[in-house]
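Notes follow once the structure below has been shown.
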Amino acid sequence: PVPRDLAGRRILVTSGPTHEPIDPVRYIANRSSGKQGHAVAAALAARGAEVVLVSGPVQEADPPGVRVIPVESARDMLAACEAALPVDAAVFTAAVADWRVESAAGQKIKKSGAPPVLALAENPDILATISHHAQRPRLVVGFAAETENVVEAARAKRQRKGCDWIVANDVSPATGTFGGGQNEVHLISDAGDEHWPKADKAAIAARLAARIAAALQPPAAP
Ligand code: C5P
């Protein structure tokens with residue numbers, strides 16, 4: 001049985017893709033399934049944490065015992081995350097769209113004449129924003145989906161974003177990570193790089209939840 005060692009802790013998790021509207025019926029999205037993020041939320045809740053799961057549009061069922069806040073765009077996701085503060089820890093599993101359509105059309109764009117040209121604008125970086133927030137959680141964990149130089153890229157990302165840990169995974173199509181049931185990751189922290197061999201996303205989530213519980217334990221009295 002898992003210990004209830006996160007009882008009394010409040011933890012924010014993001015999951016899924018974001019949808020960036022083009023017009024009222026079309027959007028830009030990505031292949032994130034939300035499986036890993038939802039598994040992380042479930043694993044933290046199983047250890048007794050009060051979990052707020054801010055999720056983009058996914059097929060996954062709401063994990064038991066978790067408060068789910070459904071969002072669509074990156075900007076909605078950031079607003080929901082900021083509204084969830086303060087928290088003891090935050091885990092950013094979502095595959096947030098890097099760009100949105102600069103000005104989404106108010107009406108469905110008609111097929112007439114030349115195809116439309118979509119001007120893109122950069123989305124806010126939610127992980128970096130919360131890592132530098134006045135109410136920064138004690139522990140901030142990012143994910144990094146890479147297709148090459150996984151560990152080096154993740155180390156640089158950890159520095160750049162200002163988070164404590166990065167869980168890095170290889171999402172090359174051959175790995176089947178996106179939408180698949182399994183994941184193989186590296187945990188990058190200031191202590192170095194730890195390789196976690198291929199396992200079910202639920203097992204990776206359970207291992208991460210155990211590490212988070214250990215990191216949030218108050219230091220032993222002298
Ligand atoms: O830069 P990259 O998208 O690879 O970084 C991945 C990490 O940053 C993930 O933890 C993801 O949830 C987070 N992220 C974010 N907001 C963005 C882009 C990424 O929170 N706009």
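Both counts, for ligands and for their atoms, begin at 1 and track the order of listing. Just so it is clear, the model here is predicted, and its values are computed rather than measured. Values below: every heavy atom of this structure, side chains too, minus hydrogens, waters and symmetry copies.
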Exercise. Kindly assign one of parallel, tilted or perpendicular to the pair His195 and His186, based on the angle between their ring planes and the thresholds 30° and 60°.
Key: tilted
Quiz item: How far is atom 11 (C) of ligand 1 from its nearest protein heavy atom, and which residue and atom is that?
Solution: Ala94 O, 3.2 Å
Self-check item: Asp125 near ligand 1 by a heavy-atom separation under 4.0 Å
Solution: yes
Quiz prompt | For Gly142, the ligand 1 atoms whose distance to one of its heavy atoms is below 4.0 Å | solution = 10 (O)
Self-check item: Minimum non-hydrogen distance to atom 7 (C) of ligand 1, winning option of Trp99, Phe143, Phe92
Solution: Phe143
Quiz item: Heavy atom of Ala74 under 4.0 Å from ligand 1?
Solution: no
Practice problem: Please confirm whether Pro124 comes under 4.0 Å of ligand 1, counting heavy atoms of the residue only. | Solution: yes
Practice problem: Name the closest protein heavy atom to atom 18 (C) of ligand 1, giving the residue it belongs to and the distance to 0.1 Å. | Solution: Val96 CB, 3.8 Å
Quiz item: Judging by distance only, is a nitrogen or oxygen of Ala145 under 3.5 angstrom from one on ligand 1?
Solution: no
Quiz item: Charged N to carboxylate O under 4.0 angstrom, Asp164 versus Arg136?
Solution: yes
Quiz item: Is Glu50 salt-bridged to Arg67, going by a charged N under 4.0 Å from an acidic O?
Solution: no
Self-check item: Closest protein heavy atom to atom 16 (N) of ligand 1, given as residue, atom name and distance to 0.1 Å
Solution: Ile126 N, 2.9 Å
Practice problem: Have a look at ligand 1 and work out which part of Leu127, if any, has a heavy atom under 4.0 Å from it: side chain, backbone, both or neither. | Solution: both
Exercise. Would you indicate whether the side-chain heavy atoms of Arg47 and Arg9 approach each other to under 4.5 Å?
Key: no
Quiz item: Quick check: does Lys161 get an N/O under 3.5 Å from an N/O on ligand 1?
Solution: yes
Quiz item: Is the shortest side-chain N to carboxylate O distance from Arg211 to Glu194 below 4.0 Å?
Solution: yes
Quiz item: Is it true that atom CZ of Arg75 has more than 12 heavy atoms of other residues, nucleotides or ligands lying nearer than 6.0 Å?
Solution: no
Self-check item: ligand 1 versus Glu146: contacting region, heavy-atom distance under 4.0 Å
Solution: neither
Quiz item: Which residue owns the protein heavy atom closest to atom 4 (O) of ligand 1, what's the atom, and how far is it?
Solution: Lys157 NZ, 2.3 Å
